[in-house]
Structures are given as C-alpha cells and as structure tokens.
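Notes to accompany the following structure.
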Amino acid sequence: MAQKILIVEDEIKIARFLELELGHEGYIVEQANDGKEGLNKALNNQYDLVVLDIMLPFVNGIEVLRKIRQNSEVPVILLTAKDEVMDKVIGLDMGADDYITKPFAIEELLARIRTALKRKSQRVETSKAMQVGHLKLDMDSYSVAFKDELIELTKREFDLLRHLVQNKNIVLTRDRLLEEVWGFDYIGDTNIVDVYIRYLRSKIDDKYNIKLIHTIRGVGYIIKDED
Ligand code: CA
C-alpha cells in the first residue's frame with residue numbers, strides 16, 4: 001500500500017516541487033502551506049511521515065512539531081534554513097526524526113524519507129510483543145505468557161489486558177476502558193470492567209502471586225511492573 005506523506009511548506013514552489021517528486025516515487029502526498037493548516041491536517045489524518053518546514057506563517061514548525069508529538073509518533077523530517085541551527089537542535093530534542101538543510105538535493109531528501117519510514121516499520125515490529133514484568137503479550141497470536149507459561153484468556157480479557165499494557169504506568173478510568181474495550185455502544189453496567197479485572201487478577205496476579213494490576217480508588221486501574 002502506498003505510504004502517505006504530508007508536506008508542510010509555505011513556499012509554494014518548493015511545496016509543489018516536493019509533491020511532484022514524492023508523487024513520482026509512489027507516495028501519496030498532501031500539502032499544507034502554513035503551520036495552522038499543517039497542524040490541522042497532521043492531527044486529523046493518518047500520515048506515514050511529515051516533512052515540516054520550520055519558518056511557517058501562523059504557527060511555526062517547532063510549535064507544530066511539539067503539538068504533533070503530544071499525539072503521535074509519526075516520523076517528522078524538518079526542513080531548515082542555514083541560519084536556523086538553534087531551531088534544528090530544538091526540533092531534534094523535541095522528537096523530530098531527522099532534518100535537511102535548504103537548499104537540498106531531492107535525492108538526499110528521498111533517502112532520508114526512506115530511512116525514516118524503515119525505522120518506523122521496525123518500531124512497529126518490536127511493539128507487537130509487549131511486556132510488563134514477566135508477563136508477555138503477543139499481538140499476532142493473541143497469546144499471553146508468564147515466564148513462558150501460557151495463560152488462557154478469553155478475547156475480551158485479552159483486549160482489556162492489552163489496553164492496560166499498551167498504557168503501562170498510566171491510570172485508565174473505567175469509562176475509558178469501557179469505551180475502548182467494549183465500545184461506545186455497550187449498554188449495561190459499568191461494573192463489567194471491575195468484573196473482568198477480577199478475572200484477570202485471578203488468572204495472573206493471584207495465580208503467580210504477583211501484583212501487576214492496581215486499583216486506583218474512585219478512578220480506575222493501572223498496570224505496572226512490580227516494585
Ligand atoms: Ca518557510
């Protein structure tokens with residue numbers, strides 16, 4: 001499937017040129033010509049990569065990057081001018097994956113895009129197996145193991161556990177778990193979350209005499225590595 005790239009660049013000539021060149025390479029390309037539009041697009045669409053100019057009208061590239069990083073891990077390559085060394089450093093600190101200084105050869109940008117996309121797919125690979133303490137989830141086979149011993153879970157129990165593990169060390173409210181695991185259209189008692197947490201505890205915490213799933217009174221639940 002073709003990968004989708006967002007170009008945020010206010011110099012229309014450069015933006016057009018990049019759109020054309022990246023299109024030739026087989027990418028699906030969208031462009032935004034100021035920071036506000038770029039941020040809107042980046043936050044409301046799924047892109048595989050963002051090419052982001054730093055000097056932009058309305059919202060500058062650094063601010064756009066900061067907001068993107070609050071929501072997503074999408075690879076970002078910064079376009080910088082020669083005299084923007086400080087911005088480049090701040091940008092990298094803020095989670096940009098790479099940068100390229102204008103003027104640049106298109107081949108170099110294409111190579112950096114390929115590298116960033118490859119790193120991203122490797123990240124996705126490794127995140128397929130998730131772990132808390134000795135508890136390991138395998139997303140491909142829908143299986144859970146404690147120190148190599150397989151644990152039998154129902155699909156719903158697995159989904160609930162996966163949500164907790166994906167948000168390891170973050171407290172999840174009952175409402176959020178209900179929405180994300182059971183779906184918005186679930187009609188019934190919100191106690192269902194507590195019931196399933198009990199199932200998980202009996203199959204994991206109680207069985208192996210560990211404490212991974214914690215109750216945060218009046219709020220919800222959290223999973224974390226044992227102290
Ligand atoms: Ca610019």
Side-chain angles (χ1 to χ4, degrees), residues 1-131 138-140 165-170:
M1 214 174 70
Q3 287 170 304
K4 207 165 150 193
I5 297 180
L6 174 66
I7 296 164
V8 189
E9 166 63 82
D10 59 318
E11 284 166 76
I12 304 292
K13 260 170 84 179
I14 297 181
R16 284 251 174 80
F17 168 71
L18 290 178
E19 185 170 27
L20 210 69
E21 290 289 335
L22 295 181
H24 274 312
E25 291 295 307
Y27 299 114
I28 297 168
V29 187
E30 282 184 20
Q31 52 164 301
N33 301 123
D34 63 63
K36 212 168 134 194
E37 188 193 357
L39 189 56
N40 261 324
K41 286 198 164 165
L43 295 183
N44 294 304
N45 298 280
Q46 288 284 339
Y47 296 102
D48 294 290
L49 185 136
V50 178
V51 176
L52 179 62
D53 187 29
I54 289 187
M55 290 293 281
L56 290 167
F58 306 127
V59 185
N60 77 37
I62 295 296
E63 190 58 19
V64 173
L65 172 64
R66 199 177 64 80
K67 294 239 167 73
I68 289 177
R69 276 291 168 267
Q70 289 172 353
N71 296 278
S72 129
E73 290 294 307
V74 63
V76 175
I77 297 179
L78 294 175
L79 295 183
T80 69
K82 266 208 186 78
D83 53 2
E84 293 169 353
V85 182
M86 243 355 260
D87 287 335
K88 188 177 78 191
V89 173
I90 295 170
L92 289 174
D93 276 348
M94 232 167 238
D97 294 71
D98 204 350
Y99 68 90
I100 191 163
T101 309
K102 294 182 195 174
F104 53 84
I106 186 68
E107 289 77 16
E108 191 182 348
L109 177 62
L110 290 173
R112 283 167 191 267
I113 287 174
R114 281 193 298 271
T115 307
L117 287 172
K118 209 160 131 197
R119 267 203 306 266
K120 179 190 172 221
S121 68
Q122 283 163 350
R123 267 208 305 266
V124 172
E125 282 299 310
T126 51
S127 68
K128 274 184 185 166
M130 297 188 301
Q131 195 159 355
D138 187 323
M139 295 304 132
D140 286 333
V165 175
Q166 273 172 340
N167 297 286
K168 188 163 99 166
N169 301 322
I170 299 171

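When a residue number appears, it is its place in the shown sequence, counting from 1.
How far CG of Leu43 is from CG of Leu39: 4.5 Å, rounded to the nearest 0.5 Å. Atoms CD and CD, from Glu37 and Gln31 in turn, are 8.0 Å apart once rounded to the nearest 0.5 Å. The distance from the CG atom of Leu6 to the CD atom of Glu19 is 10.5 Å, given to the nearest 0.5 Å. Distance CD1/Ile7 to CG/Leu52: 11.5 Å, rounded to 0.5 Å. To the nearest 0.5 Å, atoms CD1 (Ile28) and NZ (Lys4) are separated by 7.0 Å. Between atom NZ of residue Lys41 and atom NZ of residue Lys36 there is a gap of 14.0 Å, rounded to the nearest 0.5 Å.
Ile106 has its side chain within reach of Phe17: a pair of non-hydrogen atoms, C-beta onward, lies under 4.5 Å apart. Side-chain contact between Glu108 and Ile100: present, with at least one pair of heavy atoms (C-beta onward) separated by less than 4.5 Å. Side-chain contact between Tyr99 and Leu92 is present, with heavy atoms from C-beta onward closer than 4.5 Å. Side-chain contact between Lys102 and Thr80 is absent, with no heavy-atom pair separated by less than 4.5 Å. By the 4.5 Å heavy-atom criterion applied to side chains, Val51 and Ile113 are counted as neighbours. For the pair Met94/Glu63, no side-chain contact is recorded, criterion being any heavy-atom separation below 4.5 Å from C-beta on. Looking at Asp10 and Asp34, their side chains never come closer than 4.5 Å, going by heavy atoms from C-beta outward. The shortest side-chain heavy-atom distance between Leu18 and Leu109 falls under the 4.5 Å cut-off.
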Verdict with reasoning, Met55 to Glu11, per side-chain contact (heavy atoms from CB on, under 4.5 Å): CA-CA 10 Å; Met55 290 293 281; Glu11 284 166 76; over 6 Å; no
Report the C-alpha distance between Asp48 and Leu117 in whole Å, list the side-chain angles of each, state the deciding distance to 0.1 Å, and finish with yes or no for side-chain contact (heavy atoms from CB on, under 4.5 Å). CA-CA 7 Å; Asp48 294 290; Leu117 287 172; 3.8 Å; yes
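Between Leu65 and Gly91, the shortest heavy-atom distance links the atoms CD2-O, 3.3 Å. In plain terms, the two heavy atoms of Val29 and Gly23 that are nearest each other are CG2-N, 3.8 Å. Across Ala116 and Leu49, no two heavy atoms sit closer than the pair CB-CD1, 3.7 Å. Of all non-hydrogen atoms in Leu56 and Asp53, the two that sit nearest each other are CD1-O, 3.3 Å. The nearest pair of heavy atoms linking Gly26 to Ala2 is O-CB, 3.6 Å. For the residue pair Asn60 and Ile62, the shortest heavy atom distance occurs at OD1-N, 2.9 Å.
For the residue pair Tyr47/Glu30, the side-chain donor-acceptor check at 3.5 Å is satisfied.
A salt bridge between Glu9 and Arg16 is absent, with no side-chain N of the basic residue lying under 4.0 Å from a carboxylate O of the acidic one. The residues Asp98 and Arg112 are annotated as salt-bridged, a charged nitrogen and a carboxylate oxygen being separated by less than 4.0 angstrom. Taking 4.0 Å as the cut-off between side-chain N and carboxylate O, Arg69 and Asp97 count as a salt-bridged pair.
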